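A short worksheet on the structure shown next.
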Amino acid sequence: QVQLVESGGGLVQAGGSLRLSCAASRRTFSSYAMGWFRQAPEKEREFVAAISWTGGGIYYADSVKGRFTIFRDNTKNTVNLQMNSLKIEDAAVYYCNFGSAAAMTRGGKVSGSWGQGTQVTVSS
């Protein structure tokens, strides 16, 4: 079973930046699209961004377009999320997962188990 470990979260002021990273336990993930999701307190988990296994297809939620960038390194089994111009409403626990890009972007469906996530806190 593929294990996913997220890191890079922290406390940042509004307008600041953070880079999240997700490491997978084995190379299988290179055949799948990878995605980032987030869950704020008392809210459902929501799709944030996804990238195809070749990197040729990239998808973002409207709320993060122009501010977040997803990229991956299949040689290192990692997928990253560069978050700029952070807003208060970006605060959440961020998770990565893998699967079909269409499934993730349209229905939030993933193929892996959820990891621990990484907390992003944005202060005013």
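What you see is a predicted model, and the numbers here were worked out from it, not measured in a lab.
Here Gln119 contributes atom CD and Gln39 contributes atom CD; the two are 11.0 Å apart, rounded to the nearest 0.5 Å. Rounding to the nearest 0.5 Å places CZ of Phe98 at 7.5 Å from CE of Met34. Taken from OG1 in Thr118 to CG in Leu20, the straight-line distance is 6.0 Å, to the nearest 0.5 Å.
Both cation-pi conditions hold for Arg45 and Tyr95: the charged atom is under 6.0 angstrom from the six-membered ring centre and inside a 45 degree cone around its axis. Seen from the ring of Trp53, Arg72 does not count as a face-on cation partner, given the 6.0 Å and 45° thresholds.
Follow the hydrophobic side-chain contacts under 4.5 Å out from Ile51 and you reach Tyr60 in the same cluster.
Ion pairing between Lys87 and Asp90 fails under the 4.0 Å rule for side-chain N and carboxylate O.
With a 6.0 Å radius and a threshold of 12 heavy atoms from other residues, nucleotides or ligands, Gln116 has its CD atom at or below the threshold.
Qualifying side chain to side chain donor-acceptor pair (under 3.5 Å) partners for Ser52, counting only residues two or more places apart in sequence or in other chains: Thr54. When the side chain to side chain donor-acceptor pair (under 3.5 Å) test is applied to Ser21, the partners found at least two apart in sequence or on another chain are Asn80. Residues that satisfy the side-chain contact (heavy atoms from CB on, under 4.5 Å) test with Gln82, not counting sequence neighbours, are Ser17, Arg19, Thr69, Phe71, Asn84.
Using cut-offs of 30° and 60° on the angle between ring planes, the pair Trp114 and Phe37 is perpendicular.
Although no hydrogens or angles enter the test, the distance criterion places no donor-acceptor pair under 3.5 Å between the side chain of Asp73 and the main chain of Thr78.
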